Amino acid sequence: MPDLGDLAEGLAELTLECTLSRLHAIPKLPGSNGKCLNECGESIAPSQHFCCVECRDDFERIQAAKRRNGTL
Ligand SMILES: [Zn+2]
């Protein structure tokens, strides 16, 4: 019978891996030049990519659609 402690540890590792891979699932974004990548015209900090969550969601939706269409 497997040690329950080992099982729990393995599960924790698996969960962590899942979380990490989800974080890295987002495709590489082009560097922003101080403008929201969704081209809404908002100025943002260079370390950011979008001005707001809505723009990020929009952008990701468009990227996903382009990937489906094979235009990306
Ligand atoms: Zn924006």
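For the single chain, residues carry numbers from 1 onward in sequence order. Both ligands and their constituent atoms are indexed starting at 1 by order of listing. All values reported here derive from a predicted model rather than from experimental measurement.
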Do the side chains of Arg67 and Gln63 get nearer than 4.5 Å, heavy atoms only? yes
Three-point angle Cys36:SG, the Zn ion (ligand 1), Cys55:SG, rounded to the nearest 10°: 110°
Any N/O/S atom from Cys52 (main chain or side chain) under 2.8 Å of the Zn ion (ligand 1)? no
Rounded to the nearest 0.5 Å, what's the gap from SG on Cys36 to CZ on Arg56? Could you check? 11.5 Å
Rounded distance [0.5 Å steps], NE2 in His49 versus CD1 in Ile44: 7.5 Å
Tell me the angle that SG of Cys51 and SG of Cys40 form around the Zn ion (ligand 1), rounded to 10°. 110°
For Ser43 and Lys35, run side chain to side chain contact (heavy atoms under 4.5 Å, CB included): C-alpha distance rounded to whole Å, both residues' side-chain angles, the deciding distance at 0.1 Å, then the answer. CA-CA 5 Å; Ser43 293; Lys35 293 275 183 210; 3.3 Å; yes
